*Asks:* 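The structure that follows is given in the form of structure tokens.
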Amino acid sequence: QVQLRESGGGEVQAGASLRLSCAASKRTTTNNGMGWFRQTPGKEREIVAHISWNGGSTYYADSVKGRFIISRDRATGTVFLQMNSLKPEDTAVYYCAAARSSYGSSATENYRYWGQGTQVTVSS
């Protein structure tokens with residue numbers, strides 16, 4: 001069983017930056033695509049960004065394109081989400097997930113392991 005743990009969330013003002021990290025308990029996720037999702041109360045979990053096993057392929061939701069950057073350190077098995085120019089609408093619980101394949105996906109059902117989530121709150 002692989003455990004994922006997110007960190008780096010918090011409360012910031014609009015325009016600020018945060019960097020989320022996702023650490024895996026085992027390095028077995030090294031060859032898996034990884035994704036960051038977010039969820040707000042009453043809404044479905046939505047993709048934010050995903051990255052392939054080697055970092056060569058990335059995807060961003062339109063709402064974060066140009067502001068967020070996903071990256072990974074295969075040596076440590078850590079995945080990052082650099083969030084810049086944060087907006088109040090970015091407020092959500094952010095989850096990292098390990099895909100079933102070597103590439104990320106926008107569909108939650110294509111992910112096998114999930115972290116417990118970290119809260120990001122952006123005030124105006």
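Keep in mind that this is a model prediction, so the values were computed, not measured. The first residue in the sequence is number 1, and the count goes up from there.
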*Asks:* Kindly compute the distance separating OG (Ser17) from CD (Gln82), expressed to the nearest 0.5 Å.
*Replies:* 5.5 Å
*Asks:* In Å and rounded to the nearest 0.5 Å, what is the OG1 to CD distance from Thr40 to Glu89?
*Replies:*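 Reported value, rounded in 0.5 Å steps: 11.5 Å.
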*Asks:* Determine all donor-acceptor pairs shorter than 3.5 Å in which one atom belongs to a side chain in residues 103-112; sequence neighbours excluded.
*Replies:*
from	atom 1	to	atom 2	distance (Å)
Ser105	OG	Ala107	N	3.0
Ser105	OG	Asn110	ND2	2.8
Tyr111	OH	Ser105	N	2.8
Tyr111	OH	Ser105	O	2.6

*Asks:* Is there any disulfide (SG to SG under 2.5 Å) pair reaching into residues 41-86, and which pairs are they, with sequence neighbours excluded?
*Replies:*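 Applying disulfide (SG to SG under 2.5 Å) to every pair that reaches into residues 41-86, excluding sequence neighbours, yields nothing.
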*Asks:* Hydrophobic clustering (ILVMFWY, side-chain heavy atoms < 4.5 Å, transitive) - are Tyr95 and Ile47 grouped together?
*Replies:*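 Per the 4.5 Å side-chain linkage, Ile47 and Tyr95 are co-clustered.
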*Asks:* Examine the side chains of Ser102 and Asn31 and answer whether a donor and an acceptor come within less than 3.5 Å of each other.
*Replies:*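 Their side chains do not contain a donor-acceptor pair, so the 3.5 Å distance test is not met.
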*Asks:* For Val79 and Met34, work out which heavy atoms get closest and say how close.
*Replies:* CG2-CG, 3.6 Å
*Asks:* Please check: side-chain N/O of Glu6 versus main-chain N/O of Gln116, any donor-acceptor pairing under 3.5 Å?
*Replies:* yes
*Asks:* Is there a chain of hydrophobic side chains (I, L, V, M, F, W, Y, each step under 4.5 Å between heavy atoms) that links Leu86 to Ile70?
*Replies:*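 Yes, Leu86 and Ile70 fall within the same hydrophobic cluster.
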*Asks:* Applying side chain to side chain contact (heavy atoms under 4.5 Å, CB included), can you list everything that pairs with Ala16, at least two apart in sequence or on another chain?
*Replies:*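 Side chain to side chain contact (heavy atoms under 4.5 Å, CB included) list for Ala16, sorted by chain: Val12.
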*Asks:* Just verifying a value: how many Å separate Lys87 NZ and Ser124 OG, rounded to the nearest 0.5 Å?
*Replies:* 13.5 Å
*Asks:* Among all residues two or more places apart in sequence or in another chain, which pass the side chain to side chain contact (heavy atoms under 4.5 Å, CB included) test with Gln119?
*Replies:* Thr91, Val93, Thr121
*Asks:* So do the side chains of Arg67 and Asp90 get within less than 4.5 Å of each other, counting heavy atoms only?
*Replies:*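 In short, these two side chains touch, coming nearer than 4.5 Å.
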*Asks:* When clusters are formed by joining ILVMFWY residues with side-chain heavy atoms under 4.5 Å apart, either directly or through shared neighbours, do Phe37 and Ile51 land in the same one?
*Replies:*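 No; Ile51 is not reachable from Phe37 via cluster members.
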*Asks:* Are Trp36 and Phe68 near enough that their ring centres are under 6.0 Å apart?
*Replies:* no
*Asks:* Less than 4.5 Å apart, side chain to side chain, heavy atoms only: is that true for Tyr60 and Val48?
*Replies:*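 Not touching, per the 4.5 Å side-chain cut-off.
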*Asks:* If every non-hydrogen atom of Ala99 is compared with every non-hydrogen atom of Asn32, which pair is closest and at what distance?
*Replies:* O-ND2, 2.6 Å
*Asks:* Could I get the full list of side chain to side chain contact (heavy atoms under 4.5 Å, CB included) partners for Ser71, not counting sequence neighbours?
*Replies:* Phe80
*Asks:* Just one of Thr118, Ile69, Leu20, Val120 clears the side chain to side chain contact (heavy atoms under 4.5 Å, CB included) bar with Leu81, so which one?
*Replies:* Leu20
*Asks:* Within the distance-only criterion (no hydrogens, no angle test), does the side chain of Tyr113 pair as donor or acceptor with the backbone N or O of Arg100 below 3.5 angstrom?
*Replies:* no
*Asks:* Looking at side-chain heavy atoms only, is the closest gap between Gln3 and Trp114 below 4.5 Å?
*Replies:* no
*Asks:* To the nearest 0.5 angstrom, please state how far the OG1 atom of Thr30 sits from the CG atom of Asp73.
*Replies:* 9.5 Å
*Asks:* With rounding to the nearest 0.5 Å, note down the distance linking CG in Leu18 to CD in Glu11.
*Replies:* 10.5 Å
*Asks:* Could you pull out all residues at least two apart from Glu46 that satisfy salt bridge (Lys or Arg N to Asp or Glu O under 4.0 Å)?
*Replies:* Arg38
*Asks:* Going hydrophobic residue to hydrophobic residue with side-chain gaps under 4.5 angstrom, can you get from Tyr59 over to Met83?
*Replies:*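 Looking at the clustering, Met83 is in a separate group from Tyr59.
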